[in-house]
Amino acid sequence: MSARKRLNPDELRSHRYLGPDDLRSFGHRSRQKQSGFATEEFAGRPVVGILNTWNDLISCHAHFRQRAEEVKRGVWQAGGFPVEIPVMGLSETFMKPTSMYYRNFLAMETEEVLRTYPIDAAVLMGGCDKTTPALLMGALSADVPSIVMPGGPMNRTSWRGEPLASGTDVWKYWAERGAGRLSCDSWCELEDHIAASPGHCMTMGTASTMTALAESMGMCLSGASSVPATHSGHSRMAAATGRAAVEIGWHDLRPSQILTRQAVENGVTALMALGGSTNAIVHLMALAGRSSVQLSLEDFDEISQRTPVLANLRPTGKYVMGDFYEAGGLRALLARISDLLHLDAETVEFRTLGDSIDGAESYDDDVIRIRENPVCETGSLAVLRGNLAPNGCVIKPAAAEADLLQHRGPAVVFRDYPDLKARIDDPTLELTRDHVIVLQNAGPLGAPGIPEWGMLPLPKYLLEQGVRDMVRISDARMSGTSYGACVLHVSPESFAGGPLAVVRTGDMIRLDVAARTLDLEISAAEMQQRLSEWQAPEPRFSRGYGKLYEEQTTQSHEGCDFRFLHDDGSSPPPPAIY
Ligand code: FES
């Protein structure tokens, strides 16, 4: 445990509000008393802000009101003063155009809530996809001591004797329905079973990935991210998180001290060993963009090429998070790749990552594979470049049909998502498995919000023939629960005049994942000619959040954060506001 100085009560940030003998502090104290608290309950002890992303439309967080009470229990036990603060819940299942459109909104809210209130430490209650990265981004920018309380995956479930996996099996059975092999009644029946309890998606989708990365980077209690949401251990973990929050408050242990380059590399290594979501790349780039940590797409590719996939979890593998927990969870996985990690990286528990995973065991070598028998030797995710994606794009080879990873085929181009929906099943297109489906205008600005459309649908007539994968290219993202030979996050995006905008139906496209290339087979002169003829679309928002988003959002390879929130670590702290 590192020797960090314990603050005196009058050095706490909250003391500025609650301690002085002046008019303002009189107001603060009197209003705490209005809430029924005596001075000795709130003054001279760390105030812990519990940022709760619960609302009635974010079913993954249905247990968060109870968990907030359990966090409070822990805070009281450790001698802190808990205050629960609702912040925007980013519901993956309900928000349009996509929850990603609002990730930066929650990040801003988090940063400003932490800045404006008398908070010495924060518990970040995240789970459903974008909540965890948004809370981390905001906490890092505010640089107030913070700890993540991961929401936990939902229960395992099954249907007609077959285990079900969130998202992944929705896509699978939707394809079966498209192929005419699943009736409407069966599809409706599936609806009753696919999400069987509170908790986030129980595959290694974006939610499981991001909470696991928070733990790998030292931002939550060791072992916390694997605990299922309805397990009694989840309540105990919530209380323990509250107790830990008091300690990081007393010692002013800040996110900037935890989220170092080493910690972020640990996160990327865990991402690869988990076979985690492609979305994590965008989120980690955004997180790094708010600090002095230098991170590039090539870092992901380099770490991918030296890291085996050991977690046999859907969509890449066979099992779901409940199995992972029972097999030993993230600690066991990290112990199996300990030689690839920076073990001396510090965590919110005032110890090193190496100490956190010391002695962790795996109890099922099929769920958490041994190094000699990985799910994939290396290359969970790959970063590609070429004349079609000068600033990079991403593919998840581990979740694609292997023969498509080196492919040359004619493009069929859809100008936007409505066009795709309207025409994909048109038999006159005469698509074959060799075609390359291209979707334009689905990126950060084009959609807007870079939605999870990247697992582009296959034509019904090919599904009926048994085709289940094709090369698909877009500037969109795809759900972490999705799969297929889907090239994603093409940057620059088509809406901003990237080369994807000038692909035409019939052009030949060459994908070579081993060589890390994606190219449109036209000459440089032809490319230049087409790009010079491209006309930028008119801005679509004249006011409000949309205007801010349109003017400030960066491209995928930069993390899609707002430009004005970037910080390479050299920005002076904001002025004190009285
Ligand atoms: Fe919330 Fe998947 S819908 S995590």
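Every number for a ligand or one of its atoms is a count from 1 in the order of the listing.
- Ion pairing between Arg468 and Glu401 fails under the 4.0 Å rule for side-chain N and carboxylate O.
- Excluding waters, the set of protein N/O/S atoms under 2.8 Å from atom 2 (Fe) of ligand 1 reads Cys201 SG.
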Using atom types as modelled, flag every donor-acceptor pair under 3.5 Å from a side chain in residues 439-446 to any protein atom, sequence neighbours excluded.
from: Gln440; atom 1: NE2; to: Leu500; atom 2: O; distance (Å): 2.9
from: Gln440; atom 1: NE2; to: Ala501; atom 2: O; distance (Å): 3.2
from: Asn441; atom 1: ND2; to: Arg415; atom 2: O; distance (Å): 2.8

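- The aromatic ring centres of Tyr545 and Tyr102 sit less than 6.0 Å apart.
- Taking a 6.0 Å sphere around OH of Tyr117, one finds it holds 12 or fewer heavy atoms contributed by other residues, nucleotides or ligands.
- Across Val438, Leu384, Asp475, Asn391, a single residue satisfies side-chain contact (heavy atoms from CB on, under 4.5 Å) together with Val490, and that is Asp475.
- If you take OG on Ser556 and CD1 on Ile450, they are separated by 3.5 Å, rounding to the nearest 0.5 Å.
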